[in-house]
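The shown structure was predicted, so the numbers you read here are calculated from the model rather than taken from an experiment.
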Amino acid sequence: MMKKASFPKIVQQHKDRVFGYSYYFLHNREDAEDVTQDVFVRLWQHWDEIDKNKIKAWVMQVAHHRCIDFTRKRKRIHEDSYKTVSNPKSSILQDSLEMRGPDMQFEFSETQHLLLSALEGLPGRTRSMMLMHYFQDLKFETIADILDVNINTVKVTVHRGRKMLKEVIESKYPEMAEVSI
Amino acid sequence: MMMCNEIQVLIEKFLNHDMSRQERQDFRKHIRNCPDCRTEFEKWQKVEKTLSGFPKQKCPNRVLENIYSNTIGSKPKSVRRIRFRGFTNHAGWKWAGAAVAFGLILLFTIIHPMGDRNKIEEISYSQEEALRAREQAKWSLAYVAQVIHKSEKTAIDNALLIELPQTVRKAVKNTVPILKGGS
């Protein structure tokens with residue numbers, strides 16, 4: 001596979017997925033942009049070592065690890081401000097108010113805001129799997145490849161995450177009849 | 001028959017797309033007939049729909065430009081956005097395309113019959129046709145020479161010497177005396 005000819009196609013195929021995952025993971029647009037750029041520059045640098053049939057898993061794996069690195073670094077440097085930034089209601093909502101543009105779509109329902117907050121309370125791995133499965137439409141097999149775990153672990157973990165989120169919604173809307181999706 | 005205490009396991013299987021056809025049929029049947037399980041299933045479905053309905057984020061173009069400048073050097077032609085003044089929307093391109101297509105059709109309809117006409121003209125210049133035309137000219141000129149005045153005849157002879165091909169001139173010269181005498 002010709003590196004220079006194939007690289008832009010690969011970037012086009014995966015850029016939104018990498019950016020979207022990083023954005024929902026970090027709740028910060030600029031950091032998500034940095035992660036996306038970093039992922040594809042690394043892809044270019046390691047092109048010859050990568051199995052071309054597993055590029056999707058590779059880029060998502062790098063994106064996931066870079067997001068964790070970003071979170072740790074941010075936590076270390078700005079311990080206090082991190083608490084504010086990590087609140088999705090403050091950062092994503094802030095984005096939605098200030099940075100509306102052709103590249104951005106922010107039409108969250110009240111329940112979605114509730115779920116975004118609830119996702120923050122999930123264990124790290126559960127949250128990552130939920131983001132990959134629901135926000136980036138990745139199959140369980142691909143998630144298992146990315147996180148290097150058994151597919152059944154992914155299924156069980158995702159369902160545990162669903163259950164937790166259901167409980168959050170039920171506690172807010174006991175009958176769940178008034179839930180607006 | 002499915003029991004209500006199995007419903008949680010089956011809902012998990014349903015959401016993970018792990019059900020066999022038989023299990024799905026039994027599950028749907030049970031959901032239809034059991035209001036409690038139906039309500040429970042609807043709650044899960046609401047969570048599922050809410051999670052699946054989050055807006056997808058698009059990577060900004062400036063990130064792409066940075067990626068390309070740090071890797072292949074510049075934005076590749078295949079992904080570079082080419083915009084022309086006046087054609088920044090799809091409608092502009094559609095009209096331009098329609099105009100070009102119309103022009104091509106018009107050109108084709110003009111050229112095609114011309115080609116046919118050229119073909120006919122080529123056929124009319126065949127050797128047989130040329131001989132027939134020459135014969136016609138010979139008889140016509142002979143008739144003219146018979147009826148006109150001597151001075152005019154001289155003028156025509158001179159004109160014939162210059163204008164007509166040698167073969168026709170010879171034919172006229174030979175024919176006129178015969179017609180003169182025979183009339």
Side-chain angles (χ1 to χ4, degrees), chain A residues 3-5 7-9 11-12 14-24 29 32-34 36-37 39-41 43-45 101-109 111-112 114-116 119 130 133-137 140 155-156 158-159 161-163 165-166 169-170 175-177 179-181, chain B residues 6-20 23 27 31 35-83 88-90:
Chain A
K3 185 179 179 182
K4 201 164 182 174
F7 182 74
K9 288 179 194 165
V11 173
Q12 287 294 325
H14 302 292
K15 64 184 172 63
D16 292 338
R17 185 174 288 119
V18 170
F19 177 78
Y21 177 75
S22 313
Y23 178 70
Y24 280 115
R29 184 160 288 276
E33 288 178 11
D34 287 348
T36 309
Q37 192 177 319
V39 167
F40 289 107
V41 171
L43 174 69
W44 175 261
Q45 288 165 347
D103 291 340
M104 298 158 209
Q105 298 171 14
F106 294 101
E107 290 295 332
F108 297 140
S109 67
T111 321
Q112 283 176 326
L114 184 68
L115 283 188
L116 275 174
L119 272 166
M130 298 293 280
H133 183 61
Y134 287 107
F135 289 60
Q136 307 308 323
D137 302 326
F140 293 132
K155 286 179 183 176
V156 170
V158 166
H159 193 67
R162 283 183 197 127
K163 198 175 177 184
L165 297 179
K166 179 172 167 274
I169 298 179
E170 273 180 316
E175 293 304 312
M176 281 186 80
V179 169
S180 62
I181 295 166
Chain B
E6 288 178 60
I7 198 72
Q8 291 298 338
V9 176
L10 288 166
I11 285 174
E12 182 178 351
K13 277 189 161 189
F14 180 87
L15 296 175
N16 287 345
H17 306 285
D18 268 350
M19 268 183 169
S20 67
E23 278 178 322
F27 176 71
I31 292 288
D36 289 345
C37 289
R38 188 165 60 241
T39 308
E40 178 65 11
F41 178 58
E42 282 168 358
K43 286 178 183 177
W44 281 101
Q45 276 196 314
K46 280 185 178 174
V47 175
E48 192 78 359
K49 280 186 183 174
T50 311
L51 280 167
S52 303
F54 274 93
K56 300 280 180 278
Q57 299 297 316
K58 283 188 176 178
C59 179
N61 281 333
R62 61 175 175 274
V63 178
L64 279 185
E65 279 159 18
N66 285 341
I67 291 168
Y68 292 133
S69 65
N70 284 308
T71 52
I72 55 177
S74 62
K75 205 171 183 181
K77 282 179 185 172
S78 57
V79 294
R80 190 178 286 153
R81 281 189 179 181
I82 300 165
R83 285 176 183 265
T88 51
N89 53 27
H90 287 294

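For the pair B:T71 and A:F40, the minimum side-chain heavy-atom distance is 4.5 Å or more. Side-chain contact between B:W44 and A:K166 is present, with heavy atoms from C-beta onward closer than 4.5 Å. Side-chain atoms of A:P8 and B:I72, non-hydrogen and from C-beta on, do get closer than 4.5 Å to each other. Considering only heavy atoms from C-beta on, A:F135 stays 4.5 Å or farther from B:S52 through its side chain.
With rounding to the nearest 0.5 angstrom, the OG1 atom of B:T50 is 5.0 Å from the CD1 atom of A:I169. Note: B:D18 CG to A:K155 NZ = 3.5 Å, rounded to the nearest 0.5 Å. Interatomic distance, CZ of B:F54 versus CG of A:L116, reported as 4.0 Å (0.5 Å rounding). Rounded to the nearest 0.5 Å, atoms NZ (B:K46) and OG1 (A:T111) are 9.0 Å apart. We find the CZ-NZ distance between A:R17 and B:K56 to be 9.5 Å, quoted to the nearest 0.5 Å.
The residue among A:L119, A:V41, A:L115 with the most heavy atom pairs within less than 4.5 Å of chain B is A:L115. Ranking B:L51, B:V63, B:I67 against chain A, the residue ahead of the rest is B:L51, based on heavy-atom pairs under 4.5 Å.
Neither the backbone nor the side chain of A:D34 comes within less than 4.5 Å of any heavy atom in chain B.
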Query - Full working for salt bridge (charged side-chain N to carboxylate O under 4.0 Å, His left out) between A:K163 and B:E12 - result: CA-CA 10 Å; A:K163 198 175 177 184; B:E12 182 178 351; over 6 Å; no

Query raised in the report: Does the side-chain contact (heavy atoms from CB on, under 4.5 Å) test come out yes or no for B:L64 and A:Q12, once each step is laid out?
Result: CA-CA 9 Å; B:L64 279 185; A:Q12 287 294 325; 3.7 Å; yes

Query - Verdict with reasoning, A:W44 to B:N70, per side-chain contact (heavy atoms from CB on, under 4.5 Å) - result: CA-CA 9 Å; A:W44 175 261; B:N70 284 308; over 6 Å; no

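In this structure, B:P55 and A:Y24 approach most closely via the heavy-atom pair O-OH, 2.7 Å. Nearest heavy-atom pair across A:K15 and B:C59 is O-CB, 3.8 Å.
Contacts of B:E48 classified as salt bridge (charged side-chain N to carboxylate O under 4.0 Å, His left out), with partners at least two apart in sequence or in another chain: A:R162. The salt bridge (charged side-chain N to carboxylate O under 4.0 Å, His left out) test applied to A:D16 returns no partner, not counting sequence neighbours.
For B:Q57 (side chain) and A:Y21 (main-chain N/O), no donor-acceptor pair under 3.5 Å exists by modelled atom type.
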